[in-house]
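Bear in mind the structure is a predicted one, so any value in this text is a computation, not a measurement.
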Amino acid sequence: MLRLCGCVLLAAGLAAPALGDPRSELQQRLDAVGRMAADFTQAQYGTRGELLEQARGRVRLARPKFRWELVEPYRQVIVADGETLKVYDPDLDQVSVGPIEEALADAPLAVLTGSQATLNAEYEVARSEPERFSLRPLADDALIAEIILAFAGGRLSRIEVRSPLGQRTDVRLNRFEDASVVQPSDFELDLPEGVEVY
């Protein structure tokens with residue numbers, strides 16, 4: 001699963017709607033996400049619940065554009081400009097480039113940056129708590145078993161992604177900044193000479 005499994009993020013200043021239809025409520029919260037800047041911590045767990053890896057980084061969003069940047073324990077930058085997705089691994093001097101529709105198929109970011117049509121067509125939505133939503137893909141061959149989105153104080157605070165085999169990625173958003181810090185240059189990727197593109 002590319003390292004995109006944790007790249008589910010977003011939110012800032014979301015209004016809390018009254019309890020009703022879970023799908024409509026979730027879409028209302030996601031629609032309220034326009035621009036966002038935050039840090040995140042990410043933990044990946046194996047099938048027995050053992051911790052496999054921890055990472056931290058930062059995210060910038062100007063929907064549907066985003067930048068997901070890991071800073072520890074390794075560097076990786078994922079940038080989407082609305083049409084193209086680029087994944088840059090500085091340690092390997094490599095960048096992969098592809099159409100965003102293909103790259104985000106079966107990826108949690110498709111839920112966060114997509115439309116209500118995507119949510120309606122591809123996921124069953126349920127609420128497990130007033131501010132916690134469970135999304136299960138409708139496709140039998142989906143690469144993800146469940147996505148859990150948890151909100152707190154009007155913001156998306158946690159994203160949990162579970163695989164059909166029992167692995168889990170837990171992303172926690174923190175240190176939100178004013179959305180005005182998000183700039184067009186955040187969604188550009190300047191690469192040094194000699195980087196292999198594939």
Side-chain angles (χ1 to χ4, degrees), residues 1-17 25-45 51 53-82 84-90 100 103-104 107-115 118-119 127-135 144 146-162 168-190:
M1 253 192 223
L2 196 78
R3 292 176 188 168
L4 263 182
C5 54
C7 82
V8 251
L9 31 209
L10 310 318
L14 302 182
E25 290 175 27
L26 177 59
Q27 189 62 55
Q28 185 177 346
R29 291 172 185 270
L30 295 177
D31 285 345
V33 176
R35 300 173 79 83
M36 185 202 68
D39 290 352
F40 66 85
T41 58
Q42 176 178 306
Q44 292 182 315
Y45 299 91
L51 179 63
E53 183 176 83
Q54 289 181 299
R56 69 176 187 84
R58 56 186 161 263
V59 61
R60 298 289 183 266
L61 172 75
R63 196 173 183 199
K65 299 178 181 180
F66 67 86
R67 181 186 188 97
W68 182 263
E69 187 170 352
L70 291 173
V71 295
E72 286 184 357
Y74 51 82
R75 286 202 60 225
Q76 185 186 55
V77 183
I78 301 169
V79 175
D81 61 11
T84 304
L85 185 89
K86 298 176 182 177
V87 181
Y88 173 45
D89 288 291
I100 194 166
L104 291 185
L109 275 174
V111 172
L112 300 170
T113 62
S115 65
T118 299
L119 194 62
R127 186 195 308 101
S128 57
E129 296 174 18
E131 292 195 288
R132 186 177 170 98
F133 297 85
S134 168
L135 293 81
I144 294 170
E146 183 180 25
I147 302 169
I148 296 172
L149 304 178
F151 297 81
R155 288 181 168 149
L156 180 61
S157 60
R158 185 177 178 186
I159 302 154
E160 193 173 326
V161 181
R162 299 180 179 178
R168 182 170 60 92
T169 299
D170 190 2
V171 177
R172 296 180 186 239
L173 299 167
N174 56 74
R175 296 180 50 146
F176 287 88
E177 299 179 67
D178 188 280
S180 64
V181 304
V182 179
Q183 300 296 319
S185 59
D186 290 331
F187 312 108
E188 299 170 0
L189 190 57
D190 294 324

For the residue pair [X] and [Y], what are the closest heavy atoms and their distance?
| X | Y | result |
| --- | --- | --- |
| Gly82 | Pro64 | CA-CG, 4.4 Å |
| Gly57 | Val71 | CA-CG2, 3.9 Å |
| Phe187 | Arg67 | CE2-N, 3.8 Å |
| Leu51 | Ala43 | CD1-CB, 4.0 Å |
| Arg127 | Glu129 | CG-O, 2.5 Å |
| Ala37 | Val181 | CB-CG2, 3.5 Å |

Any side-chain donor paired with an acceptor under 3.5 Å for Tyr74 and Glu53?
yes
Please step through side chain to side chain contact (heavy atoms under 4.5 Å, CB included) for the pair Arg58 and Arg175, ending with a clear verdict.
CA-CA 9 Å; Arg58 56 186 161 263; Arg175 296 180 50 146; over 6 Å; no
Give, for atom [atom1] of [X] and atom [atom2] of [Y], the distance between the pair rounded to the nearest 0.5 Å.
| X | Y | atom1 | atom2 | result |
| --- | --- | --- | --- | --- |
| Leu173 | Arg158 | CG | CZ | 11.5 Å |
| Phe40 | Arg172 | CZ | CZ | 14.0 Å |
| Leu189 | Leu85 | CG | CG | 10.0 Å |
| Thr41 | Asp170 | OG1 | CG | 7.5 Å |
| Gln27 | Arg29 | CD | CZ | 12.5 Å |
| Arg75 | Leu70 | CZ | CG | 10.0 Å |

Main-chain N/O of Ala150 paired with Ser157 side-chain donor or acceptor, under 3.5 Å
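Yes, because the side chain of Ser157 sits within donor-acceptor range (under 3.5 Å) of the backbone of Ala150.
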Who are the side chain to side chain donor-acceptor pair (under 3.5 Å) partners of Ser185, not counting sequence neighbours?
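None.
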Tell me, please, which residues at least two apart from Asp81 pass side chain to side chain donor-acceptor pair (under 3.5 Å).
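Testing Asp81 for side chain to side chain donor-acceptor pair (under 3.5 Å), a comparison that skips the adjacent residues, returns none.
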Let's go through Glu177 and Arg35 carefully: what are the C-alpha distance in whole Å and the side-chain angles of both, what is the deciding distance for salt bridge (Lys or Arg N to Asp or Glu O under 4.0 Å) to 0.1 Å, and is it a yes or a no?
CA-CA 10 Å; Glu177 299 179 67; Arg35 300 173 79 83; over 6 Å; no
Just so I know, are the side chains of Leu61 and Val182 near enough to count as touching, which here means a heavy-atom distance under 4.5 Å?
no
Under a 4.5 Å cut-off applied to non-hydrogen side-chain atoms, are Trp68 and Val87 in contact?
no
May I ask you to decide if the ring planes of Phe133 and Phe151 are parallel, tilted or perpendicular, using 30° and 60° as cut-offs?
perpendicular
Would you call Arg168 and Glu146 a salt bridge, taking side-chain N to carboxylate O under 4.0 Å as the test?
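No salt bridge links Arg168 with Glu146.
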Between Arg56 and Asp39, is a salt bridge (Lys or Arg N to Asp or Glu O under 4.0 Å) present by the stated rule, with each step listed?
CA-CA 8 Å; Arg56 69 176 187 84; Asp39 290 352; 6.0 Å; no
